[in-house]
Structure formats: C-alpha cells, structure tokens
Student: 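This structure is in structure tokens; I'll ask about it shortly.
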Amino acid sequence: MSPAPADDTLEILYRDTHLVAVHKPAGLLVHRSDIDRHETRFAVQLLRDQIGQHVWPAHRLDRGTSGVLLFALDARTAAQLGRQFEAQTVGKRYLAVVRGYPPETGLIDHPLSRRHDAKHWRDPRAEAAAPQPARTRYRCLATIELPIAVDRYPTSRYALVELEPETGRRHQIRRHLKHIAHPIIGDATYGKGRHNRMFAQSFGCTRLLLACTRLSFAHPLGGHPLTIEAPPAADFLALMARFGWTVPAEG
C-alpha cells in the first residue's frame, strides 16, 4: 500500500460553519485503529490541527481509498449527518480499476455478513446472524487490454468502473466486486496478488485503485441539497492517462 503523503496539509473541498470536507489521500487512516498501532497520523488529527477546532467524521473511508471525506464541526451536525447515512439517503459515487471486463451496467444485490475490528469483543452468538442486505450499482466506463501475461493468458484485461453503493456495509464495494469476479487492483484483502504485483512492477502503482469522487446529501442546517465532488488523486489520474482513460463528466 502506498504510504500517506508526508505533507500534513489536507486539501479542503468544502467548508462552512457546520461542515468541512477534505480530499483524503490513499494510505491515511481516518482515525486511530488497531490496523496499524504504530501509525501516528490520522485524518481526524490532521484536520483538527489544520483548522484549529474539533471535528467529527461523518463516515469512513478505508485506509487505501482516496477521495471525499466529510466531517461535522459540532456534535449536533454529526448526529444529523449520521442519521442520513443510516437512512441510506446519502448519494455516493466511486471510481475503481478492476480486473477483467465487467458488464456495461449492473446491480450487485448480494447480502454481506458483518465485519468487525479485531479489537472489538463480540458475542459469538452474533456470528449466526443473517447477512445484511447490500446493493451496489455499477457502470463500466472504459477498458484496456495490456500485452502483459499475468495468469494463463498472454494479455490482461482491466476496466474503469463507476460505482454507486445504495447501502453502506463495511468494505461493501471491495467485497461486491470480488463477488462478481472483478476485484479492485491494489486490494490486498479481496483482490488478486498477481495482478496487484504486476501493477506495482509495471506502473509503480501500489495503492488501492478506489476513490470516492462525490457525496450528495441534505445540508443538516436548512435541508438544501449539497454535492461535494473531487477528481481522483494525482497518482490515480496518472494511471488513467497512461491507459487513455478520462474522468467521466459528473451527472
């Protein structure tokens, strides 16, 4: 995985008296976690120090995922945003590079079992609970066939995919793409090691190729619609340019 950039300044995408959104780089944890007990830099801490006030993360992005990360600036706003995420009324858009050629469009409707942090105790009886409903819509935007043998074929195929999760299960996009046999490149948990290594060796790309490019929700104060957008990070864009892919128009 690519380490988080050494620069402690986060790019601010939006800010008002109640909200602030930043572009989280790949490799940066949102908050302290047992994922890496030795890590000393977190988005919550960096943003707090940068703007000089306490912040509440409204949602989470995996460490390897880059893109739009939303924070509340007070506890009341945090609770209101939390209710929107819980009610699944927040629109989310992601871009990912995956192995193979997925269908042009599709809906992955595949329930997912709960995933827990290792540090959290859980009742063994909860393991028998039924998987939670999970749905992700996707659209294949571009494809490429590289003259590089990875598996048993002389060439390898990859695609740029737009994803809109309708639910918010942990690792949902990554797990859903694995489920349809099109895992995300750079995913050490749900992906394919041979393809991940090829991207590292051939393109110097060691990050998870997943980016949150848009959040749409009702502003907690007044209820007016608000959309926050960000293009993929520079390293993601550089790979897209190398493949002749362009960022799709928002709409």
Side-chain angles (χ1 to χ4, degrees), residues 1-3 25-27 35-36 61-67 92-115 118 131-167 169-213 231-248:
M1 173 172 298
S2 299
I35 293 174
D36 189 341
L61 292 178
D62 293 340
R63 180 175 189 167
T65 305
S66 61
K92 295 166 281 188
R93 178 182 183 272
Y94 289 77
L95 290 180
V97 178
V98 305
R99 180 180 70 86
Y101 288 1
E104 184 175 346
T105 60
L107 170 64
I108 307 170
D109 189 350
H110 176 66
L112 297 172
S113 58
R114 291 180 179 271
R115 291 293 169 100
Q132 299 172 295
R135 297 177 302 279
T136 304
R137 294 193 179 276
Y138 69 88
R139 181 165 64 106
C140 185
L141 302 175
T143 60
I144 190 170
E145 186 168 3
L146 300 175
I148 302 174
V150 177
D151 288 319
R152 60 184 182 276
Y153 303 107
T155 60
S156 300
R157 294 180 172 184
Y158 303 95
L160 178 67
V161 179
E162 176 187 80
L163 302 127
E164 295 185 356
E166 296 182 354
T167 51
R169 310 309 176 197
R170 192 172 186 195
H171 299 171
Q172 176 174 314
I173 291 175
R174 296 163 59 191
R175 295 166 71 186
H176 268 177
L177 286 170
K178 176 187 177 181
H179 174 71
I180 64 169
H182 295 289
I184 301 175
I185 300 303
D187 193 333
T189 303
Y190 305 104
K192 294 289 187 179
R194 285 176 291 183
H195 292 271
N196 296 345
R197 288 190 292 272
M198 186 277 282
F199 268 70
Q201 295 165 2
S202 299
F203 307 111
C205 180
T206 57
R207 59 160 290 177
L208 174 70
L209 287 172
L210 177 65
C212 178
T213 59
D235 53 355
F236 200 132
L237 285 174
L239 184 73
M240 289 176 58
R242 188 164 183 174
F243 289 173
W245 296 342
T246 57
V247 178

Student: Between Glu164 and Arg93, does any NZ, NE, NH1 or NH2 come within less than 4.0 Å of an OD or OE carboxylate oxygen?
Tutor: no
Student: About how many Å separate CG of Asp235 and OG1 of Thr206, when rounded to the nearest 0.5 Å?
Tutor: 8.5 Å
Student: Less than 4.5 Å apart, side chain to side chain, heavy atoms only: is that true for His179 and Leu112?
Tutor: no
Student: Roughly how far, to the nearest 0.5 Å, is CZ of Arg175 from CD1 of Ile108?
Tutor: 12.5 Å
Student: Any heavy-atom pair between the side chains of Tyr94 and Pro165 that's under 4.5 Å?
Tutor: yes
Student: Measure the spacing between OG1 of Thr136 and CG of Leu107 and express it to the nearest 0.5 Å.
Tutor: 8.0 Å
Student: With rounding to the nearest 0.5 Å, note down the distance linking CZ in Arg174 to CG in Leu163.
Tutor: 13.0 Å
Student: Can you name the closest pair of heavy atoms from Leu160 and Thr246 and give their distance?
Tutor: CD2-O, 4.2 Å
Student: Between the side chain of Ser66 and the main-chain N/O of Ala211, is any donor-acceptor distance below 3.5 Å?
Tutor: no
Student: Measure across Ala159 and Pro102 and return the closest heavy-atom pair with its distance rounded to 0.1 Å.
Tutor: CB-CD, 3.5 Å
Student: Testing the basics here: between Ser202 and Ile148, what is the closest heavy-atom pair and its distance to 0.1 Å?
Tutor: OG-CD1, 4.0 Å
Student: Start with the C-alpha distance between His176 and His110, add both sets of side-chain angles, then the distance that settles side-chain contact (heavy atoms from CB on, under 4.5 Å), and finish with yes or no.
Tutor: CA-CA 7 Å; His176 268 177; His110 176 66; 3.7 Å; yes
Student: Is there a side-chain contact between Arg114 and Gln132, using heavy atoms and a 4.5 Å cut-off?
Tutor: yes
Student: Would you check if the side chain of Asp187 reaches a backbone N or O of Thr189 as a donor-acceptor pair within less than 3.5 Å?
Tutor: yes
Student: Minimum heavy-atom separation for Met240 to Val247, with atom names?
Tutor: CE-N, 3.8 Å
Student: For Lys192 and Asp151, run side-chain contact (heavy atoms from CB on, under 4.5 Å): C-alpha distance rounded to whole Å, both residues' side-chain angles, the deciding distance at 0.1 Å, then the answer.
Tutor: CA-CA 10 Å; Lys192 294 289 187 179; Asp151 288 319; over 6 Å; no
Student: Taking the side chain as everything from C-beta on, heavy atoms only, tell me whether Leu141 gets closer than 4.5 Å to Leu95.
Tutor: yes
Student: Could you go through Gln172 and Thr167, starting from their C-alpha distance and side-chain angles, then the distance that decides it, and tell me whether this counts as side-chain contact (heavy atoms from CB on, under 4.5 Å)?
Tutor: CA-CA 8 Å; Gln172 176 174 314; Thr167 51; 2.7 Å; yes
Student: Please report the shortest heavy-atom distance between Leu210 and Phe236, naming the atom on each side.
Tutor: N-CE1, 3.7 Å
Student: Would a 4.5 Å heavy-atom cut-off, applied to side chains only, mark Leu177 and Tyr138 as touching?
Tutor: no
Student: Going by heavy atoms in the side chains, are Val150 and Arg99 under 4.5 Å from each other?
Tutor: no
Student: Sorted by first residue and then second, give each salt bridge (Lys or Arg N to Asp or Glu O under 4.0 Å) pair with at least one member in residues 100-111; sequence neighbours left out.
Tutor: none
Student: So which atom in Asn196 and which in Ile184 form the shortest heavy-atom distance, rounded to 0.1 Å?
Tutor: OD1-O, 4.2 Å
Student: Using the benzene-type ring in the case of Trp, are the ring centres of Phe243 and Tyr158 under 6.0 Å apart?
Tutor: no
Student: Roughly how far apart are Arg157 CZ and His182 NE2, rounded to 0.5 Å?
Tutor: 11.0 Å
Student: Between Ser113 and Arg169, is any pair of side-chain heavy atoms under 4.5 Å apart?
Tutor: no
